[in-house]
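Data first, discussion second: the structure below is written as structure tokens.
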Amino acid sequence: MRKLLRVNLSSGQIKEESIPKKIADAYVGGRGFGTKYVYDEIPAGTDPLGPQNKLMIGTGPLAGTGAQSLSKWMVCTRSPLTGTYTRSSGGGDFGAWLKWAGLELVIIEGKADKPVYLNIKDGKYEILDATDLWGKDTVQTQDYLRKKHGTKARMFCVGPAAERMVRFAGIFSGSRAAGRGGTGTVMASKNLKAVVIEAARTEDLADPGEFKKLVWQQVKGYKEAMGFEPFRDYGTPMGVDYPGFGAGSFPVLNFRRGDLEGWEKLSFMQYAAITQKHTGCYSCMLKCGKVRQVADGPYAGATSEGPHYETIWAFSGPTGCTDVGATVVADRMCRDLGIDTISTGGVIGFAYELFEKGILTVKDTDGLVLNYGDPEPMLKLIEKIGNREGLGDILAEGVKRAAERIGKGAGKYAMHVKGQELPGYEPRAMKALGMNYALSTVGANHCYGYAQQEIGNPRPRILDAAADEDKGDVVKYNQDYVAALELALACTFPGNNLECFGLEILSKMLVAACGEKKFGSEDYLWQAAERVYNLERCFNIREGFTRKDDALPERFYTEPLKGGLRDGEVIRKPDAIIDEYYDARGWDRNGIPTRETLNRLGLEDVDRDIARFRS
Ligand code: SF4
């Protein structure tokens, strides 16, 4: 029996439920379950920060086993940043512990009348007082809970920024975060500070012998994979050297340039030089986490379990700063406050450009001079955002709402899709990736459909990164591939970067673990992924999102990129790619799935919900 836990914080009622076989078959697990329950249980028009919104916290069917890179956890909900469906995944050990507790999904509903946390222990569930924890940062909170529940307990929590309703606050487990989309803000809006799990290791596999064989095959594949050793030794900062600068795809000065002067100071070798320790998620030999300590300069002694590539970009590209120490400090500040680094870098880059244009002045910034290349105002802004002070209170709303509040034409400089700030890859330099931002169901998000074909991956075919057409079907392929991996909450990094790890081995593992022969067909997983993606799209349609929301900021269509190998590029034919994409998906010209498409995916009831949106 696959089980979920339903926790109503308003009434205090907690109950276990079995996940119906029909849902388990059609949605497999992980993101599939999260999405299905979001669609079914969060009605159209629900206030993302009201008690009617729900948090779906899930892990995958293979979590807590010896399988590599398959123990992540995920939160699905309606985003307070975008108003769309959102999903955000985190690493560490929490996913394994949740599975050992016998749960694949926890549904949090309602709102507690005071700060609380949920404790899960040996099949018992308690809502406990968290008044003393409210206001504590994510490190202090977890330290306190570890002291109280023992070092064997695992947990996640929100920080003070979430309590202050910063719209892009995340949920943190150790140093790992479900960072994007404001899932932490939703959690804090329910007065829920943390979830703690005390559970002992357990495995319930349909065919343990076969499963063990597959794990060995996976381990061998990892060891032999070309990218394994460099990635394990250096982690994601390798992206700074390639493809960030090689292809001119590192966004600089709020997405005006594709190269950063002095980027060598941020090379992955600089981060390797200050790495103290390698850390990883439960059962993952890649250990992409790196504990670092700044060796010298103004930030000497600062430590963080990071930064990853995206965070390095977020605290260098937008502001033109090239100080390794400052990126470590910024990473640590965001972790303590509990905010998403990508959105934080995005709103700061927006503020710097407004300052340059004279739309913001020192009167608006409490005296801060937002000079490019100077990390100090950037660090002060992070603090202001987390505490919602002065300009930080406006930026805490995200660039879309901040631009509306500031006025004076600020919207032109707000780099977002559906309200979510863009990640650190330049859309004009990698157009399939850029259009994936535009077409994603969660707003701009690189994890939602990497376009590795633009840097040479032949599956399903290599793409010319600069081409303006003939890539919509690959955008769909990439999105469905990630959704398929996330049915088991596989980490998308090895899933996209190690040849040996993909749907072939994953499908076999699912059969050996769950005993469901149907999961052994890759086609079955592709179709389940497509079902999930369509359900996410229909959630957004129900909330009023239309084709006009499938757009990048105007800058990418009209302002030629400066610098790098893609100097001079613009996205010339976004509508051509969008039409190709809609055709590949079986959606009409307004981006609404046709009846035939929904029926093919077994979503007849969803068709009844959205029929009225078709013209
Ligand atoms: S690659 Fe990194 S994020 Fe992914 S599972 Fe391994 S340690 Fe975790």
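Fair warning: this is a prediction, and the values are worked out from it, not measured in the lab. One-based numbering, in listed order, for ligands and for the atoms of each.
For the pair R176 and ligand 1, a heavy-atom separation below 4.0 Å is found.
Atom 4 (Fe) of ligand 1 does not have C281 among its coordinating residues (no N/O/S atom, backbone or side chain, under 2.8 Å).
Under the 4.0 Å criterion applied to side-chain N and carboxylate O atoms, R87 and E486 are assigned as salt-bridge partners. Checked for salt-bridge contact, K518 and D25 meet the test: a charged N lies under 4.0 Å from a carboxylate O.
Both the sub-6.0 Å distance and the 45° axial angle are satisfied by R31 relative to the ring of Y448.
Nearest-heavy-atom check against atom 2 (Fe) of ligand 1 across S69, G90, G280, C288 picks out C288.
Relative ring orientation between F539 and Y85 is described as perpendicular, the plane-to-plane angle rising above 60° on a 0-90° scale split at 30° and 60°.
Within the listing of ligand 1, atoms 1 (S), 3 (S), 4 (Fe), 5 (S) sit less than 4.0 angstrom from a heavy atom of C491. Residue-ligand proximity, C284 to ligand 1, at heavy-atom distances under 4.0 Å covers atoms 1 (S), 5 (S), 6 (Fe), 7 (S).
Note: W216 and F211 fail the aromatic proximity criterion, with ring centroids not under 6.0 Å apart.
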